[in-house]
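Down below is the structure, laid out as structure tokens.
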Amino acid sequence: MLSVVVATTTDQVSVHDLDDDDSVLTTTDLDAGDLPDFVREREQAPGAPAPRWVWSDTATWYPPLLAAGVTVARCWDLRLCHAILRASALTAHTSFASAGASAWDQPRVQTATDRLFDLDPPVRLDPLEELRRQRRTVAAALADDGRPASGRLSLLLAAESAGSLVAAEMTHAGVPWDAIEHDRILTALLGRRPVSGYRPELLEAKLAQVRSALGVGDVNPDSPAELLKALRLAGLPATSTRSWELREIDHPAIPPLLEYKKMSRLMTANGWHWLDTWVAGGRFRPVYVPGGVVTGRWASDGGGALQLPHQVRGAVRADPGWTLVVADAAQLEPRILAAMSGDRAMARAGQATDMYEGMVATGAVETRQQAKYGMLGAMYGGTQGESGRMLPRMTKAYPQALALVEHAARAGERGEVVSTWLGRSSPRPGQDWRLAQGEASGEGATGVEQDRARAQARGWGRFTRNFIVQGTAAEWALCWMALLRLRLRDLTPGGDVTAGPHLAFFLHDEVMVHTPAHLAEEVADIVRECASEAGRLLFGAADEASVEFQVSVAVVVSYAEAK
DNA sequence: CACGGCTGCCAC
DNA sequence: AAACGTGGCAGCCGTG
């Protein structure tokens, strides 16, 4: 059963219940403030299956429900699904793809005009019409070979929508954060918190070492230009102030400088100011942006949620009586490549707990390190170093897998679109790119222009090569979380997600569940089961040729203990 | 002085 | 070891 939520004015809502052909059975008009109770009743109605709530945008509708202690089992996020369907190669032949841009193509953030007229974007949209268009478009989806492809696309839209629920619920729950422990970490590494505008004691001392080793009194180490000048004046052969370059230089100023940079980075990115800004009431509440990355990965907005440095992970601590179940999908992208290419030799390696060891065991390479760099090179398009050297070995051992990524790279070099396993498609290259390609192939093009165009083409090829793997890995992760979320929900009494085990953090191929300690082992099993099930959901029933999606699970009090 | 480009480093 | 994908973010620095 689909229930479509429509904002009729800023404080009036209509809910349309639809039958199987999307015609309206009943309509209920409500004050917006009565929506949480209405949704709660529908979700908990005995005997009736919970509806799938269709709304313009989970990020707009769901947080107020969560704040009122109401959760929903399923939804359809029209804005996120719209974006997928507009760009997908599977629906490129439909009127949905060829129509001009509409309000549904706008980003979610309110425009100045919306605020001026006190209108939320959803008020000006017609979710019911949009739903019908999307359903028709999915039904018309066709694969490359002309066969119907609505199954995969439906799964993608469901997974994307489930992801939007997970994102809102995780922001609502927050990451359990021990501010006292965070302060302890900072104080141990940097010295006590200084008054603003000053450096903490240990950082200042480190800087004094740098200055004295360089024989300068006042260089500002935070200005790359000034620092580089000082380094060169002291006779160091530096061409930049990047740590990896400085590491190669043998000079007494280098070790303290590298330490200074590390300390300084910690203070500016995740220091006391970050703590003041982002942690409140023992929770870090990042804002996740589902679909925020072209490949389908999530982005984040504020707080740097997707780059939590290992240095501060000790501050992520379960509540008393609770524990963290941290699960990491092992070698996710190589496994994804094996599964989507149908490469049987690579799939065999992918049945091992450690896929890179599996590649060694099956004789493709000699060492785990070679396997790792070889795979990264294959997926990123590396040409240099160990990656480049391993490429012929990879191609020989795993011809089908390498052919798949090479094919994607060639398509990108020609400016064509590539798609993930479930049908999310890459953007087309920008106008500058196309212009450069056109000019380089025309008469009178200089060698420099041609070289630059070729370099740009190869660059876009590396993007599309990586897109199909990274994007499909993101789809697997969405399915993993969607399944996990529903299983955890069954263990949680009442409406509030934080009353029982719940997802607290997500990072591309890793999830964290905050759970009452006595349920930790049960949760760990569920996490593993959902990983396998996500593999079957995407790639079909398990057989001897299928990849096993292994996860390493740690039951810990502090995030620093995981991995 | 607001803004955007650049540098450098963090995560996967 | 160094350069090969996706991002966020702080601070610097030039520009209008």
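Not measured: the values here are computed from a predicted model. A, B, ... follow the sequence lines: proteins, then strands. Residue 1 opens every chain.
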Quiz item: Which residues, if any, of residues 267-287 of chain A bring a heavy atom under 4.0 Å of DNA chain C?
Solution: A/T268

Quiz item: In whole angstroms, how far is the C1' atom of C/dA2 from the OH atom of A/Y373?
Solution: 9 Å

Practice problem: Not counting sequence neighbours, which residues clear salt bridge (Lys or Arg N to Asp or Glu O under 4.0 Å) with A/R528? List them please. | Solution: A/D525

Quiz item: Could you state the CG-P distance from A/L227 to C/dG11, rounded to the nearest angstrom?
Solution: 17 Å

Quiz prompt | Nucleotide C/dT6, atom C1' - distance to CZ of A/F506 in whole Å | solution = 13 Å

Practice problem: Among residues two or more places apart or on two chains, list those pairs meeting salt bridge (charged side-chain N to carboxylate O under 4.0 Å, His left out) that have a residue in residues 279-293 of chain A. | Solution: A/R283-A/D319

Quiz prompt | Any side-chain heavy-atom pair of A/R199 and A/P194 under 4.5 Å | solution = no

Practice problem: Output yes when a side-chain donor or acceptor of A/K261 lies under 3.5 Å from a complementary backbone atom of A/T241, and no otherwise. | Solution: yes

Quiz item: Reckon A/G292 touches a base, only the sugar-phosphate, or nothing at all at heavy-atom distances under 4.0 Å?
Solution: nothing

Quiz item: Of the nucleotides C/dC13, C/dC4, C/dT6, which one has an atom closest to the side chain of A/S387?
Solution: C/dC4

Practice problem: On the 0 to 90° scale, with breaks at 30° and 60°, tag the A/W177-A/H182 ring pair as parallel, tilted or perpendicular. | Solution: tilted

Quiz prompt | Heavy-atom closest contact (A/A329 atom, A/V551 atom, distance) | solution = CA-CG1, 3.8 Å

Quiz item: Within less than 4.0 Å of OP1 or OP2 of C/dT6, is there a side-chain N or O belonging to A/T295?
Solution: no

Quiz item: Can you check the A/E333 CD to C/dG5 P distance for me, whole Å?
Solution: 13 Å

Exercise. Identify whether any heavy atom of A/G304 sits under 4.0 Å from a base atom; if not, whether one sits that close to sugar-phosphate; answer base, sugar-phosphate or nothing.
Key: sugar-phosphate

Quiz prompt | Proximity to DNA chain C (any heavy atom under 4.0 Å), residues of residues 398-413 of chain A only | solution = none

Exercise. Please list, chain by chain and in numerical order, all residues satisfying salt bridge (Lys or Arg N to Asp or Glu O under 4.0 Å) with A/D250, sequence neighbours excluded.
Key: none

Quiz item: Under 4.0 angstrom, heavy atoms only, what part of the nucleic acid is A/G388 near: base, sugar-phosphate, or nothing?
Solution: nothing

Quiz item: With under 30° as parallel and over 60° as perpendicular, where do the rings of A/F284 and A/W278 fit, or are they tilted in between?
Solution: perpendicular

Quiz item: In this structure, are over 12 heavy atoms from other groups packed under 6.0 Å from A/E201 atom CD?
Solution: no

Practice problem: Would you classify A/V294 as touching base, sugar-phosphate or nothing, given that sugar-phosphate means primed atoms plus P, OP1 and OP2, and contacts are heavy atoms under 4.0 Å? | Solution: sugar-phosphate

Self-check item: Contiguous Watson-Crick or G-U pair runs (3 or more, under 3.5 Å) in DNA chain C
Solution: B:1-12 with C:5-16

Quiz item: Is the backbone N or O of A/S341 less than 3.5 Å from a side-chain atom of A/Q400, with the two atoms forming a donor-acceptor pair by type?
Solution: yes

Quiz prompt | Closest listed nucleotide, where the reference is the side chain of A/D222 and the choices are C/dG7, C/dG11, C/dA1 | solution = C/dG11

Quiz item: By ring pair (Phe, Tyr, Trp, His ring centres under 6.0 Å), which residues pair with A/W272, not counting sequence neighbours?
Solution: none

Quiz item: Nearest-Å distance, CG (A/L376) to C1' (C/dA2)?
Solution: 13 Å

Quiz item: Of all residues at least two apart in sequence or in a different chain, which pass the ring pair (Phe, Tyr, Trp, His ring centres under 6.0 Å) check with A/H508?
Solution: none

Exercise. Hey, which sits more toward the 5' end of DNA chain C by its nearest nucleotide, A/G381 or A/N220?
Key: A/G381

Quiz item: Who passes salt bridge (Lys or Arg N to Asp or Glu O under 4.0 Å) against A/R368, sequence neighbours left out?
Solution: A/D354

Are there any protein N/O atoms within less than 3.5 Å of an N/O atom in nucleotides 14-16 of chain C, and if so, which ones and at what distance?
none

Self-check item: Parallel, tilted or perpendicular: ring planes of A/W421 versus A/F539, cut at 30 and 60 degrees
Solution: tilted

Quiz item: Parallel, tilted or perpendicular for A/F505 and A/Y559, by the 30°/60° rule?
Solution: perpendicular

Self-check item: For atom CG of A/L266 and atom P of C/dA10, their distance in whole Å
Solution: 14 Å

Exercise. Could you encode protein contacts along nucleotides 1-12 of chain B as a string, one character per nucleotide from 5' to 3', using B for base contact, S for sugar-phosphate-only contact and - for no contact, with a heavy-atom cut-off of under 4.0 Å?
Key: ------SBBBSB

Exercise. Report the distance from atom CG of A/L246 to atom P of C/dA2, rounded to the nearest whole Å.
Key: 14 Å

Quiz prompt | salt bridge (charged side-chain N to carboxylate O under 4.0 Å, His left out): pairs with one or both residues in residues 456-484 of chain A, sequence neighbours excluded | solution = A/E406-A/R465

Exercise. Send over the distance from A/D301 CG to C/dC9 P, rounded to a whole Å.
Key: 6 Å

Quiz item: With distance as the sole test, does A/T420 use its side chain to make a donor-acceptor pair with the main-chain N or O of A/G471 at under 3.5 Å?
Solution: no

